[in-house]
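First the structure, in the form of structure tokens, and then the observations on it.
Computation of the quantities below employed the complete heavy-atom set of this structure, encompassing side-chain atoms and omitting hydrogens, waters and symmetry-equivalent molecules. Every value quoted in this text rests on a predicted model; they were computed, and no experiment measured them.
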Amino acid sequence: MSQTALTRASAAADRAQQAPSGRRWWALAVIGLAQLMVVLDGTIVNIALPSAQQALGFSNADRQWVVTAYALAFGSLLLLGGRLADLFGRKIVFLVGVGGFAAASALAGAAGDFSVLVTGRALQGLFGALLAPAALSILNTTFTDARERAKAFGIYGAIAGAGGGIGLLLGGLLTEHLNWRWTLFVNLFFAALALAGGLAFLRNGRPADRPKLDLPGTVLVSGGLFGLVYGFSNADSHSWSSPQTWGFLAVGGVLLAVFAWWQTRAEHPLLPLRVLLDRNRGASFLASGITSAGMFGVFLFLTYYLQETLHYSPVQTGLGFLPMIGALMVSAQLATLVLLPRIGPKPLVPFGMALAAIAMVWFTGLGQHSSYASAVLPPLLVMGFGLGLIMPVAMSLATDRIGEQDAGVASAAVNTTQQIGGSIGTALLNTLATSAGAHYMTGRLPSPVNLADAQLHSYATAYWWSAGFFAAGLVLSAVLYRRGRVQQDVNAPVAVHM
């Protein structure tokens, strides 16, 4: 029998040994629930910050650390978390991540002072860095049939894209009707369900070919990512000329450059270059990062507009994002189940980028008395449809055809691009919007009308730059993605080792 025939026979046998279909879909529910907990945490706490600040008495300057502490730990430790999943098994790392995230949420929610709140948020980021890549790598190794994989990644991508909007809605409901602490305590309910489901439906085991941990690479990349996230986070409160901004960015860049050099020489690299050099995979990493940066033009500044200009309550603001979430979920399923198998990613992701860019330009026309139905809803629907064409496709192809021994670190790389993209987007858009508003007021009296117009001008500036991010994503994805449909690799690992 030929080697190809043996490979096909082995693949068929492995498929036959997989968990029953029902068990796989229950596993998807567990993974999706845990991923939702991590994703919505990026926005749910933002709604509660003013209430938390009033209750604990910390300053405006300290307020950013409630967000930054989470981002620093999460962004800098993701690759380590992904490799630990490859080393010790995805199920055990997933369960530790979920349990630790719940404990950290309880600590932060019960905080009696600012230092405890920030410590809890940092621990949330640490355990999120274990949870997120383990969840995605479990999904990647569980669904190997092409059609089932498409459906599963469509659902997972919809959760990843919609989680920010769901966080705004849930954060508004909890803050308005309970108190700010419940934006953290709510994670205990998510985690309890995810832990019970993970124990019941995720399979035991660890990768057959366990990689060794690259300690120098771990230190270099963790330090480099810390420098980037910290530097961009500081741009919100310091000028770009401050050493606390450019200094950390420069150090982070140097450490990441040394890390890339080391990966070509390490015997057991933390992030093997084979993970990055596939064209579709590299394009997906870029698409994921650019989309995360551009999305803040919606989640951040449109939230400001709805609350501060149209005077929506937190709950009304969250409800206002629901149509976008609905459009995203519909287009995510259409993209992964119908379009990707037929036409491939090359026309699909660039078209999604184009729709997102159009939506952002559309938002620049919002005024002091714009109607939600006629001025906000249409571009929101276009944005949601565009994001649904990008996120699930990018997440699926970023981990497609990846070796079992690299599934965890490849999944971590996807999450890292999202985190770094979000940090860059937040810092750049905030800085540009603030500068635009200040420039608008030059030579004008600080009257209520002028201040309101300056605020609108700052939002429009952020929308234009977000549109530029998506336009860049259109060009890069059109150039980098391969033409044609994506073929499933018969040599790719199909057995489930979790």
Side-chain angles (χ1 to χ4, degrees), residues 29-49 51-52 55-56 58 65-85 87-138 159 163 166-167 170-171 174-175 178-202 222 226 408 411-412 415 419 498:
V30 172
I31 294 165
L33 185 65
Q35 177 67 9
L36 178 62
M37 179 176 69
V38 173
V39 173
L40 65 80
D41 209 69
T43 54
I44 191 173
V45 175
N46 292 356
I47 292 286
L49 267 180
S51 299
L56 300 182
F58 53 87
W65 285 103
V66 179
V67 176
T68 302
Y70 178 86
L72 283 172
F74 188 68
S76 59
L77 297 175
L78 271 166
L79 286 176
L80 174 60
R83 191 47 108 192
L84 290 177
L87 278 165
F88 299 108
R90 284 130 210 168
K91 177 178 179 177
I92 185 63
V93 172
F94 175 86
L95 294 176
V96 169
V98 171
F101 197 93
S105 299
L107 175 66
D113 58 46
F114 174 72
S115 61
V116 175
L117 176 61
V118 171
T119 300
R121 289 287 287 163
L123 289 172
Q124 277 186 309
L126 185 154
F127 286 105
L130 295 178
L131 164 59
L136 184 54
S137 60
I138 289 172
I159 291 171
I166 295 172
L170 189 57
L174 293 172
T175 302
L178 294 172
N179 63 53
W180 67 271
R181 296 183 186 276
W182 282 97
T183 62
L184 294 157
F185 288 148
V186 71
N187 289 328
L188 300 179
F189 297 99
F190 287 115
L193 292 173
L195 279 173
L199 290 169
F201 299 113
L202 301 184
S222 297
F226 182 95
S411 302
N415 284 279
Q419 183 64 33
M498 290 181 290

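- With sequence neighbours excluded, the residues satisfying ring-ring contact (aromatic ring centres under 6.0 Å, His included) with Phe226 are Tyr230.
- Taking CG of Leu72 as the start and CG of Leu126 as the end, the distance is 12.0 Å to the nearest 0.5 Å.
- Between Leu117 and Leu184 there is a side-chain heavy-atom pair separated by less than 4.5 Å.
- Proximity of a side-chain donor or acceptor of Ser222 to a complementary backbone N or O of Ser76 within less than 3.5 Å is detected.
- Using modelled atom types, one side-chain atom of Arg121 and one backbone atom of Val66 make a donor-acceptor pair closer than 3.5 Å.
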Enumerate donor-acceptor pairs with a distance under 3.5 Å from any side-chain N or O in residues 92-108 to protein atoms, sequence neighbours excluded.
| from | atom 1 | to | atom 2 | distance (Å) |
| --- | --- | --- | --- | --- |
| Ser105 | OG | Phe101 | O | 2.8 |
| Ser105 | OG | Gln124 | NE2 | 2.8 |
| Ser105 | OG | Asn187 | ND2 | 3.0 |

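- Residues Arg181 and Leu56 come closest through the heavy atom pair NH2-CD2, 4.1 Å.
- In this view, Val118 and Trp65, Ala69, Phe114 satisfy the side-chain contact (heavy atoms from CB on, under 4.5 Å) rule, not counting sequence neighbours.
- Residues satisfying the side-chain hydrogen bond (donor to acceptor under 3.5 Å, both in side chains) test with Thr119, not counting sequence neighbours, are none.
- The heavy-atom pair separating Ala122 from Ala73 by the smallest distance is O-CB, 3.2 Å.
- Heavy atoms only, all atoms of each residue included: Pro133 and Gly128 are closest at CD-O, 4.1 Å.
- For Trp182, the ring-ring contact (aromatic ring centres under 6.0 Å, His included) criterion is met by Phe185, not counting sequence neighbours.
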